[in-house]
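See structure below.
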Amino acid sequence: MAPTLADPFNDSSALINFVINQGNGVKGLSELGLKALPKQYIQPLEERMCMNSIVPQGSIPIIDMSNWEDPNVAKSICDAASAWGFFQIVNHDVPVEVLENVKDATYNFFRLPAEVKNKYSKEHSSSNNVRFGTSFTPQAEKSLEWKDYLSLFYVSEEEASALWPPVCRQQVLDYMKKSELVIKQLLQVLMKGLNVNEIDAAKESLLMGSMRTNLNYYPKCPNPELTVGVGRHSDVSTLTILLQDEIGGLFVRGNKGDDWIHVPPIKGSLVINVGDALQIMSNGRYRSVEHRVVANGSKNRISVPIFVNPRPADMIGPLPELATNGEKPIYKQVLYSDYVKHFFRKAHDGKKTVEFAEL
């Protein structure tokens, strides 16, 4: 039963029970019509978005992929990965209807009754590869994030057919399959930029041996200025391919260090960012960059990232081709699963995680 509005969630156990144990998520909180944000979601001042630090008219590069073999396109991709860590691509090979279908499927999943979504929670899911949750690491966070998600780790089509929620299964599989060609094109270009001219099976497996898609839901929020949709962090991936809706709210750390750049939604575009794994493998030539999502006071927002990762048992470190060119390594070899565990052990903490791999 929902708590009364007079005294909504002064008691943390009532909040945890409603949001996590009963599967209502933050969406359930939002739909209670709360007039004020529960105190558990109020972020410390330094983690809130300061509007003075936003760069007006700032923009990450937008790259037209219609002729991706053009040397100028390749140069733009490598330059963006080095200088910004983020770029948007347009005229790629993922059909617009595939993108629209996965957005609709995201809404359809989050419209399901709480008890149905709760079947996929950490406590009830039949597999670690399918996980409905909220915030980032609720147990480790002092202040919670205003977000729900469904995380789908791809093992095989058979497993997806058996375990993924029917309401979004086919649409997510289509999105992942149709994105694979674009992911390979991007990796081919980025590797050539490091003088790695051939991606053999072992290298492909290291770069993109495992994939995960998240369906993210950011419900409208009573006091958006006091909280975050996602706190500042870099991704642990090789690359992240992000589909955002038309609402906007994603901000990327600018090159000056304390400024933030809004990533405007462009219909049909995909946002690409370098993850920590690629920063480490490129010996720092490509940069993973902090980003964050603000909460919205008037609209619900969704986004659908595909995280392209090494496999858990892979060792990641600067690629051997870089050492043969006499480049001094700045990262050691680390087991990828150890790196990921280190990342998830704490709340979002900007770029500090990558220090784990530094020599």
Side-chain angles (χ1 to χ4, degrees), residues 26 43 47-63 80-81 83-90 92 94 99-100 102-103 106-107 110 134-136 145-151 175 179 182 186 212-221 224-237 239-276 287-308 348-351:
V26 178
Q43 293 285 331
E47 294 302 335
R48 298 179 210 166
M49 178 58 97
C50 165
M51 289 307 157
N52 296 338
S53 60
I54 295 169
V55 181
Q57 313 308 316
S59 175
I60 61 169
I62 297 163
I63 299 172
W84 294 89
F86 262 84
F87 52 98
Q88 292 206 64
I89 57 172
V90 294
H92 48 75
V94 187
L99 302 180
E100 292 304 314
V102 83
K103 286 199 272 193
T106 300
Y107 273 112
F110 286 101
T134 185
S135 197
F136 174 62
E145 297 175 337
W146 195 257
K147 162 189 130 169
D148 296 329
Y149 65 87
L150 175 69
S151 183
Y175 171 50
S179 299
V182 178
L186 290 167
R212 181 163 62 87
T213 301
N214 271 19
L215 309 185
N216 293 330
Y217 189 91
Y218 304 95
K220 61 183 180 188
C221 177
E225 69 290 348
L226 298 180
T227 190
V228 295
V230 179
R232 50 192 187 84
H233 67 288
S234 57
D235 293 345
V236 293
S237 57
L239 285 180
T240 302
I241 310 327
L242 175 79
L243 171 63
Q244 52 173 351
D245 65 11
E246 68 290 346
I247 308 298
L250 170 65
F251 287 83
V252 173
R253 176 80 79 182
N255 291 329
K256 297 216 168 53
D258 53 0
D259 54 344
W260 292 89
I261 294 166
H262 185 235
V263 180
I266 300 171
K267 193 167 173 61
S269 79
L270 291 166
V271 179
I272 311 296
N273 67 278
V274 171
D276 292 351
R287 299 169 53 209
S288 72
V289 171
E290 274 186 38
H291 48 288
R292 65 196 303 182
V293 173
V294 298
N296 191 303
S298 57
K299 294 191 168 115
N300 303 318
R301 175 183 182 266
I302 57 161
S303 71
V304 191
I306 298 173
F307 300 102
V308 179
H348 277 144
D349 195 14
K351 275 281 292 182

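Heavy atoms only: backbone and side chains are in, while hydrogens, waters and symmetry mates are out. What you see is a predicted model; the values in this text were computed from it and never measured.
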Presence of salt bridge, R232 and E47, under 4.0 angstrom: yes
Are [X] and [Y] packed together at the side-chain level, in the sense that at least one heavy-atom pair is separated by less than 4.5 angstrom?
| X | Y | answer |
| --- | --- | --- |
| Q244 | V271 | yes |
| I241 | V182 | no |
| L99 | V94 | yes |
| Y217 | N300 | yes |
| W260 | V294 | no |
| R287 | V274 | no |
| L226 | R48 | yes |
| N296 | P224 | no |

Check whether any side-chain N or O of [X] sits under 3.5 Å from a backbone N or O of [Y] as a donor-acceptor pair, and report yes or no.
| X | Y | value |
| --- | --- | --- |
| W146 | P219 | yes |
| Y175 | T213 | no |
| Q43 | G231 | no |
| D148 | V26 | yes |

Qualifying residues under ring-ring contact (aromatic ring centres under 6.0 Å, His included), relative to F87, sequence neighbours excluded: none
Qualifying residues under ring-ring contact (aromatic ring centres under 6.0 Å, His included), relative to F307, sequence neighbours excluded: none
Interatomic distance, [X] atom [atom1] to [Y] atom [atom2] [nearest 0.5 angstrom]:
| X | Y | atom1 | atom2 | answer |
| --- | --- | --- | --- | --- |
| L250 | N273 | CG | CG | 8.0 Å |
| I60 | I261 | CD1 | CD1 | 8.5 Å |
| I302 | D245 | CD1 | CG | 5.0 Å |
| K299 | E246 | NZ | CD | 8.0 Å |
| L242 | L270 | CG | CG | 8.0 Å |
| I62 | I266 | CD1 | CD1 | 3.5 Å |

Which atom of [X] lies closest to which atom of [Y], heavy atoms considered:
| X | Y | answer |
| --- | --- | --- |
| V289 | F86 | O-CE1, 3.9 Å |
| V308 | S237 | O-CB, 3.4 Å |
| T134 | K147 | OG1-O, 2.9 Å |

Which residues share a side-chain contact (heavy atoms from CB on, under 4.5 Å) with S151, sequence neighbours left out: R131, Y149, R212, N214
Test side-chain contact (heavy atoms from CB on, under 4.5 Å) applied to V293 and Y218, step by step: CA-CA 9 Å; V293 173; Y218 304 95; 3.9 Å; yes
Worked check of side-chain contact (heavy atoms from CB on, under 4.5 Å) between V90 and S269: CA-CA 5 Å; V90 294; S269 79; 3.8 Å; yes
Q88: which of P264, P61, P265 passes side-chain contact (heavy atoms from CB on, under 4.5 Å): P264
In chain order, what residues pass the side chain to side chain donor-acceptor pair (under 3.5 Å) check against [X], with sequence neighbours excluded?
| X | value |
| --- | --- |
| D259 | none |
| H291 | H233, D235 |
| D276 | S234, S288, Y339 |
| S303 | N216 |

With sequence neighbours excluded, residues passing salt bridge (charged side-chain N to carboxylate O under 4.0 Å, His left out) with R301: none
Pairs involving residues 266-275, ordered by first then second residue, that meet salt bridge (charged side-chain N to carboxylate O under 4.0 Å, His left out) (sequence neighbours left out): E100-K267
